[in-house]
K.L.:
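Take this structure first; my questions come after.
Ligands are counted one by one from 1 in listed order, and the atoms in each one are counted from 1 as well. Scope of the values below: all heavy atoms of this structure, side chains included, with no hydrogens, waters or symmetry mates.
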Amino acid sequence: MGAVPRVLSVAGTDPTGGAGIQADLKSIAAAGGYGMAVVTALVAQNTTGVRAIHRPDTGFLAGQLNAVSDDVTLDAVKIGMLFDAGIARTVRDWLAATRPPHVVLDPVLVATSGDRLSGDGLESALAEVIPLTDLVTPNVAELGILLGEPAAVSWPELIGQATRLAARHGVRVLAKGGHLASDDARDALAGPGGEVRIFSAPRVDTVHTHGTGCSLSASLATHRARTDSWEAAIPRAKQWLSASLAAGADLDVGTGRGPVSPLAVLWDRGGVHAPDPATVRTTWWNGIADLRARIHDTAFVTGLGQGTLDPRAFAWFLAQDLVYLREFARVLSRTAALAPTPEEQVFWAGCSRDALVGETEVHTRWIEPRHRFTAAPAPATTRYTDHLLAVTTRGDYATAVAAVLPCLWIYHDVGHRLGLSTVAGNPFADWIRSYQDPGVERMTEQAIDIATTHAASASDARRTAMQAVFRTSAEHELAFFRAPTQASAA
Ligand SMILES: Nc1ncnc2c1ncn2[C@@H]1O[C@H](COP(=O)(O)OP(=O)(O)OP(=O)(O)O)[C@@H](O)[C@H]1O
Ligand SMILES: Cc1ncc(CO)c(N)n1
């Protein structure tokens with residue numbers, strides 16, 4: 001087998017795309033396989049029920065099956081709706097002649113809506129197909145029908161029935177417990193020798209379960225081709241199914257029991273639904289609008305703009321800022337060390353150098369050399385630098401970049417806004433100008449670009465984590481801007 005398993009679905013259709021071959025092709029793709037499909041019957045159905053079934057003649061069905069197997073080497077086959085004895089026997093004969101490596105049979109008899117999907121003599125004909133398969137996946141009702149017994153109402157009964165069917169035909173039976181009461185989504189795998197294993201996955205509270213059985217069996221066939229046992233394939237398929245069921249809530253397909261969302265797990269990993277960097281930029285910046293407004297309203301920032309700030313508060317701030325910048329430079333060096341490309345590495349290394357050399361030029365005009373870097377850090381300073389150091393210590397570049405961004409971005413924004421309103425003769429003008437410097441602007445833009453580009457290609461979970469860390473740093477910025485007027489007043 002190559003890297004991509006070639007998986008054939010032999011099943012009926014669902015024109016609304018939630019069950020049958022339409023669901024199978026998506027599920028095979030989601031599991032990393034190349035999907036193919038042979039249609040056994042055309043079903044006029046939707047999320048509310050089955051209206052009509054058209055059964056093509058079995059000669060044509062055999063023609064479809066052979067067209068595939070004469071040309072393509074199959075790695076796994078999933079069999080779904082067989083409708084009646086004629087179709088079931090045609091598929092049986094084809095299985096006997098071609099003997100594909102891994103065959104899953106989902107013995108479809110009724111749809112999720114409760115409508116029958118079987119015609120004449122299917123139950124007995126299925127007994128001739130089952131021995132040619134490796135795994136049969138009946139739900140509670142189907143298992144009872146296949147054995148000619150009442151449907152199980154408890155787990156011990158279901159396991160007993162699965163074990164009997166497995167022994168009767170010499171196959172594995174995965175009895176699906178979706179319709180039995182339990183807190184989890186539990187299925188029982190019974191082997192022909194009497195061995196039983198229970199598989200559990202998170203149960204999703206939803207009515208949108210149209211096609212779960214189809215999706216599970218198609219996923220199982222694909223994972224079986226990619227792993228070396230059913231025991232390895234089942235947990236993968238079930239985890240994926242639970243996530244796809246949960247994501248089904250985002251779909252708005254039909255008025256009845258809606259479909260699962262088979263590709264949602266892939267979309268979440270950063271695919272077609274991922275935002276572009278410009279959207280991330282707006283989202284993150286708007287997400288701290290409240291904090292930015294509070295920063296601009298601090299006594300410190302308004303005092304700077306009006307030139308009325310107590311110079312002692314400003315000197316106190318600069319002393320804390322130097323202490324901060326020294327730690328910030330360390331944090332930027334660590335960020336540089338984590339960078340995936342030489343360009344980004346050199347960028348952060350440059351930022352680190354500037355934090356100590358460039359920015360402190362202004363500070364040195366206000367603070368005597370012997371007092372530079374010697375202030376005892378205030379609580380707000382320590383809390384901010386501890387946060388940044390902790391994030392970079394985790395060794396994750398994306399969150400490190402998100403954490404350092406507010407310092408650059410908010411300072412640049414504060415400088416820019418103050419620059420617009422500063423009156424002539426403002427004693428803090430050189431400080432304000434230093435943050436309007438085109439070099440600072442370029443550096444800020446590049447940092448935003450790096451962070452938002454990484455965020456745009458990250459998974460949803462990572463992007464959310466990046467934004468959370470970005471906001472936490474912005475909260476520390478607010479505390480840092482508040483501290484000088486609080487501390488010097490004390
Ligand atoms: N609410 C749920 N949350 C998570 N998994 C579920 C849920 N309901 C069913 N499952 C799982 O989905 C698979 C299909 O189970 P179910 O017993 O519903 O089969 P089915 O009746 O053949 O499905 P269909 O609804 O397509 O007819 C099983 O692995 C089952 O454990
Ligand atoms: C074609 C087809 N196969 C299986 C099911 C079971 O959900 C369905 N509704 N339609």
K.L.:
Hey, does Lys238 come in under 3.5 Å of ligand 1, counting only N/O atoms on both sides?
P.N.:
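By distance alone, the answer is yes.
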K.L.:
Which option, Ser215, Ala188, Ala185, Gly20, owns the non-hydrogen atom nearest atom 5 (N) of ligand 1?
P.N.:
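Ranked by closest heavy atom to atom 5 (N) of ligand 1, first place is Ala185.
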K.L.:
So if I count the atoms of ligand 2 from 1 in the order they appear, which ones are less than 4.0 Å from some heavy atom of Gly20?
P.N.:
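Reading through ligand 2 atom by atom, the close ones are 1 (C), 2 (C), 3 (N).
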K.L.:
If you take all heavy atoms of Cys214 and Asp106, which pair is closest and at what distance?
P.N.:
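Residues Cys214 and Asp106, closest heavy atoms: N-OD2, 3.8 Å.
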K.L.:
Please identify which of these residues, Glu344, Arg463, Arg462, meets the side-chain hydrogen bond (donor to acceptor under 3.5 Å, both in side chains) condition with His454.
P.N.:
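That would be Glu344; it is the only one of Glu344, Arg463, Arg462 passing the side-chain hydrogen bond (donor to acceptor under 3.5 Å, both in side chains) with His454.
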K.L.:
Is any side-chain N of the basic residue among Asp183 and Arg203 closer than 4.0 Å to the acidic one's carboxylate O?
P.N.:
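Arg203 and Asp183: not salt-bridged.
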K.L.:
Would Pro202 count as a contact residue for ligand 1, given that I'm defining contact as a non-hydrogen atom of the residue lying under 4.0 Å from a ligand atom?
P.N.:
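It does, in that a heavy atom of Pro202 comes within the 4.0 Å cut-off of ligand 1.
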K.L.:
Are Arg394 and Asp396 ion-paired here, with the side-chain N under 4.0 Å from a carboxylate O?
P.N.:
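No salt bridge links Arg394 with Asp396.
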K.L.:
Check this for me, if you would: do Asp187 and Lys176 make a salt bridge, where the nitrogen-to-carboxylate-oxygen distance has to be below 4.0 angstrom?
P.N.:
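So Asp187 does not pair with Lys176 through a salt bridge.
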K.L.:
Show me which atoms of ligand 2 lie under 4.0 Å from any heavy atom of Gln45.
P.N.:
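Listed by number with element: 1 (C), 2 (C), 8 (C), 9 (N), 10 (N).
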K.L.:
With heavy atoms only and a cut-off of under 4.0 Å, state how Val140 meets ligand 1: side chain, backbone, both or neither.
P.N.:
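No part of Val140 is near ligand 1 at this cut-off.
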K.L.:
Enumerate the atoms of ligand 1 whose separation from the nearest heavy atom of Gly211 is less than 4.0 angstrom.
P.N.:
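The atoms of ligand 1 under 4.0 Å from a heavy atom of Gly211 are 26 (O).
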K.L.:
Nearest heavy-atom pair of His387 and Ser473: which atoms, and what distance?
P.N.:
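What the structure gives for the nearest pair is NE2-OG, 2.8 Å.
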K.L.:
Enumerate the atoms of ligand 1 whose separation from the nearest heavy atom of Ser242 is less than 4.0 angstrom.
P.N.:
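In order of numbering, the contacting atoms are 4 (C).
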K.L.:
Looking at every non-hydrogen atom in both residues, tell me the closest pair between Leu251 and Val260 and how far apart they are.
P.N.:
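Reported closest heavy-atom pair: CD1-O, 3.5 Å.
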K.L.:
Heavy-atom distance to atom 8 (C) of ligand 2: which of Leu42, Asp106, Leu82, Leu117 wins?
P.N.:
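Nearest heavy atom to atom 8 (C) of ligand 2 lies in Leu117.
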K.L.:
Report yes if Gly213 has an N/O atom closer than 3.5 Å to an N/O atom of ligand 1; otherwise report no.
P.N.:
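Right, the criterion is met.
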K.L.:
Quick check: Val204 and ligand 1, any N/O pair under 3.5 Å apart?
P.N.:
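Among all N and O atoms of Val204, at least one is under 3.5 Å from an N or O of ligand 1.
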K.L.:
Closest by any non-hydrogen atom to atom 15 (O) of ligand 1: pick that one out of Glu142, Lys176, Arg257, Arg203.
P.N.:
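Comparing heavy atoms across Glu142, Lys176, Arg257, Arg203, the nearest one to atom 15 (O) of ligand 1 lies in Lys176.
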K.L.:
Show the atoms of ligand 1 that are less than 4.0 angstrom away from any heavy atom in Leu245.
P.N.:
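Taking each heavy atom of Leu245 in turn, ligand 1 has 2 (C), 3 (N), 4 (C), 5 (N), 6 (C), 7 (C) under 4.0 Å.
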K.L.:
So which of Asp134, Leu95, Ile79, Val10 actually passes side-chain contact (heavy atoms from CB on, under 4.5 Å) with Leu105?
P.N.:
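Result: among Asp134, Leu95, Ile79, Val10, Ile79 is the only option passing the side-chain contact (heavy atoms from CB on, under 4.5 Å) with Leu105.
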K.L.:
Going by the atom numbers of ligand 1, which of them fall below 4.0 Å from some non-hydrogen atom of Gly178?
P.N.:
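Close to Gly178: 9 (C), 16 (P), 17 (O), 18 (O).
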K.L.:
What part of Asn139 sits under 4.0 Å from ligand 1 if we count only heavy atoms: the side chain, the backbone, both or neither?
P.N.:
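It is the side chain that gets close, since no backbone atom is under 4.0 Å.
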K.L.:
Any ion pair linking Arg89 and Glu128 (charged N to carboxylate O, less than 4.0 Å)?
P.N.:
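Salt bridge between Glu128 and Arg89, a charged N being under 4.0 Å from a carboxylate O: yes.
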K.L.:
At less than 4.0 angstrom from any non-hydrogen atom of Gly12, what atoms of ligand 2 do you find?
P.N.:
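Selected atoms, number and element: 1 (C).
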K.L.:
Are a donor atom and an acceptor atom from the side chains of Ser69 and Thr98 found within less than 3.5 Å of each other?
P.N.:
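Judged by distance alone, the side chains do not pair up.
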K.L.:
Does ligand 1 have a heavy atom under 4.0 Å from the side chain of His210, from its backbone, from both, or from neither?
P.N.:
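Neither part.
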K.L.:
Looking at Trp284, I'd like to know if the NZ or CZ of Arg471 sits under 6.0 Å from its six-membered ring centre while staying within 45 degrees of the ring's axis.
P.N.:
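No, a cation-pi geometry is absent between Arg471 and Trp284.
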K.L.:
Under 4.0 Å from a heavy atom of Thr209: which atoms of ligand 1 are those, numbered in the order shown and with their elements?
P.N.:
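Listed by number with element: 25 (O).
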K.L.:
List ligand 2 atoms under 4.0 Å from Val108, heavy atoms only on the residue side.
P.N.:
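Within the 4.0 Å cut-off of Val108, ligand 2 contributes 4 (C).
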K.L.:
Under 6.0 Å between ring centres: does that hold for Tyr411 and Phe480?
P.N.:
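No; Phe480 has its ring centre 6.0 Å or more from that of Tyr411.
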K.L.:
How does Cys214 reach ligand 2, by side chain, by backbone, by both or by neither, if only non-hydrogen atoms under 4.0 Å count?
P.N.:
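Contact part for Cys214 vs ligand 2: side chain (C-beta onward).
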K.L.:
Just heavy atoms, cut-off under 4.0 Å: does Leu216 contact ligand 1 by side chain, backbone, both, or neither?
P.N.:
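Contact part for Leu216 vs ligand 1: side chain (C-beta onward).
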K.L.:
Do Arg292 and Glu477 sit within salt-bridge range, that is, some charged N less than 4.0 Å from a carboxylate O?
P.N.:
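Answer for the salt bridge query: no.
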K.L.:
Using heavy-atom distances only, which candidate in Val260, Val207, Leu174, Leu241 approaches atom 13 (C) of ligand 1 most closely?
P.N.:
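The nearest heavy atom belongs to Leu241.
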K.L.:
Looking at every heavy atom in both Leu143 and Ala162, which two are closest together, and how far apart are they?
P.N.:
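Residues Leu143 and Ala162, closest heavy atoms: CD2-N, 3.7 Å.
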K.L.:
Using non-hydrogen atoms of the residue, decide whether Ala201 is closer than 4.0 angstrom to ligand 1.
P.N.:
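No heavy atom of Ala201 comes that close to ligand 1.
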K.L.:
By number and element, which atoms of ligand 2 are closer than 4.0 Å to a non-hydrogen atom of Thr13?
P.N.:
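This gives 1 (C) as the contact atoms.
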